[in-house]
Amino acid sequence: MTKNRRSFLKAAGLAAGITSAAPLALTLQGTGIATGAAPGPRPATRGGFALELEGSVVGSLRGYSGGFPFGEVRLARIGTGPVDKAIAGVGFEDIRLEAGAAMDASIWSWIGAMLSGSPTSKSGAILMMDGDYSLTHRLEFRDAYISEVTFPQFDGASKDAAFLTIGIAPERTEFKVAGGAGIPAGGRQKRWQASNFRLSIPGLPTETVSRVDAFTVRQVFTEERGRMVPLDLEYPNMALTLAEVDSGPWFDYFKEFVLNGNPVGEKDWLLEPLAPDLSVLFQIGFRNSGIFKCALEKVDASSDNPARIIVEMYVEQMTFESLA
């Protein structure tokens, strides 16, 4: 989801029309490269990326994309004349980050504030390094809010490392050539496996929950006097997979809450990703959550796999706390 931040309007009398995007040249400062020139071919991806917030490096990143300016192309027709096209404003792409479990506490508190409905804006930079971990470029961003957070799928059978995907919506960005020492990518990373997690839901068996589907929380914005203003959060529905042997209490809960219409059956529960030593990395809290579907997983009749059920639950609020 990309938000268009406009820093100027070309003309007050320009008629409203269809808006599209055209890339603008990059702005480089203090580098000896002419303003508006594109960066040289030296790659910045081999050594990796790091995130800086409010002047401090908060950790290395698995990946990064976005954050560049673009021109808003406005179409207008005056009378029966030809369609006129012009750059009517400048927007900035959202930045997308992939982060592991070894980031500084400041990034987790930023995420926690957003998920709890108290978003804050921060300024910082994406640091780009070469194969020797020397700093090559900086993508600086100002007055940015977290626009979305995607948690990975938790799966007891997975052997994959887990990462958060974090969207950042900046008011403005600037791309610069830079120099100096960077930080070794992944040097501080604490292993986070998608298979290591614990689920706790009062009154329901969760020991055989084998999978929690990936889920995304999104921040909704409005614009006031040319600036972003956070509004509501869009919380996801949650999907859980568990063994059929534990299905009885879940089907009973569904019958009471949905079919019998019991309005007091909402639950508060926790999802806790675990480190290899089984210590808790994060606590993700789900508040005022209720079941709305409980069904057998589709399976081939010839399959030897044990039967499982899929449970879906709505969520009204969420919390996030890092314990690593």
Side-chain angles (χ1 to χ4, degrees), residues 1-45 49 51 61 63-98 114 119 121-126 128 136-150 165-178 216 218-234:
M1 178 177 63
T2 300
K3 306 289 186 300
N4 298 347
R5 265 71 64 193
R6 182 174 303 168
S7 60
F8 68 89
L9 293 177
K10 183 181 178 184
L14 194 61
I18 303 170
T19 301
S20 60
L24 291 182
L26 302 176
T27 301
L28 308 178
Q29 291 186 348
T31 63
I33 300 177
T35 300
R42 184 182 183 187
T45 57
F49 309 95
L51 176 64
L61 301 169
Y64 139 81
S65 65
F68 288 94
F70 60 88
E72 295 178 341
V73 179
R74 184 62 57 86
L75 310 182
R77 185 192 301 273
I78 300 176
T80 59
V83 173
D84 178 63
K85 298 181 180 180
I87 299 296
V90 175
F92 297 88
E93 299 172 333
D94 277 13
I95 299 169
R96 296 182 66 83
L97 314 174
E98 285 188 89
M114 176 264 197
S121 64
K122 291 183 180 292
S123 298
I126 310 300
M128 307 178 189
T136 60
H137 299 85
R138 291 171 56 89
L139 178 70
E140 298 181 351
F141 56 86
R142 302 175 191 170
D143 300 322
Y145 287 96
I146 295 178
S147 58
E148 65 179 37
V149 179
T150 297
T165 302
I166 306 167
I168 299 176
E171 286 282 358
R172 188 171 184 85
T173 65
E174 189 171 3
F175 188 78
K176 299 179 179 179
V177 170
T216 300
R218 292 186 172 87
Q219 177 72 63
V220 179
F221 295 94
T222 188
E223 185 175 309
E224 292 182 5
R225 299 180 180 180
R227 297 185 65 85
M228 290 183 298
V229 177
L231 290 178
D232 298 328
L233 285 171
E234 294 180 351

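Just so it is clear, the model here is predicted, and its values are computed rather than measured.
- How far OG of Ser123 is from CZ of Arg172: 12.5 Å, rounded to the nearest 0.5 Å.
- Between the side chain of Thr222 and the main chain of Val229, no donor-acceptor pair closer than 3.5 Å is present.
- With contacts defined as side-chain heavy-atom distances shorter than 4.5 Å, the pair Arg227/Asp143 qualifies.
- No side-chain heavy atom of Ile146 sits under 4.5 Å from any side-chain heavy atom of Pro119.
- To the nearest 0.5 Å, the span separating CZ on Phe68 from CG on Asp94 amounts to 14.0 Å.
- Scanning all heavy atoms of the two residues, the minimum distance from Glu72 to Gly91 falls at CG-N, 4.5 Å.
- Interatomic distance, Tyr64 OH to Ile166 CD1, rounded to the nearest 0.5 Å: 15.0 Å.
- Every residue was checked against the salt bridge (Lys or Arg N to Asp or Glu O under 4.0 Å) condition with Asp232, not counting sequence neighbours, and none meets it.
- Side chains of Leu51 and Ile126 form a contact here, defined as non-hydrogen atoms less than 4.5 Å apart.
- In this structure, Gln219 and Tyr145 have side chains that are not in contact, with every pair of non-hydrogen atoms separated by 4.5 Å or more.
- Atom-to-atom distance recorded for Arg218:CZ and Met114:CE is 9.5 Å, nearest 0.5 angstrom.
- Side-chain contact between Arg96 and Glu148 is present, with heavy atoms from C-beta onward closer than 4.5 Å.
- For the side chain to side chain contact (heavy atoms under 4.5 Å, CB included) test, residues two or more places apart in sequence or in another chain that qualify with Ala144 are Phe141, Ile168, Pro170.
- Considering only heavy atoms from C-beta on, Leu75 stays 4.5 Å or farther from Asp84 through its side chain.
- At least one donor-acceptor pair under 3.5 Å links the side chain of Ser147 to the backbone N or O of Gly167.
- Between Phe175 and His137, the ring planes are parallel. Angles under 30° get that label, and only those over 60° would be called perpendicular.
- Glu93 approaches Gly66 most closely through the heavy-atom pair OE1-CA, 3.4 Å.
- Side chain of Glu171 to main chain of Arg142: no donor-acceptor pair is present (N/O by atom type, distance under 3.5 Å, no hydrogens or angles).
- Contact record, Pro69 with Thr173: CD-OG1, 4.1 Å, taken as the closest heavy-atom pair.
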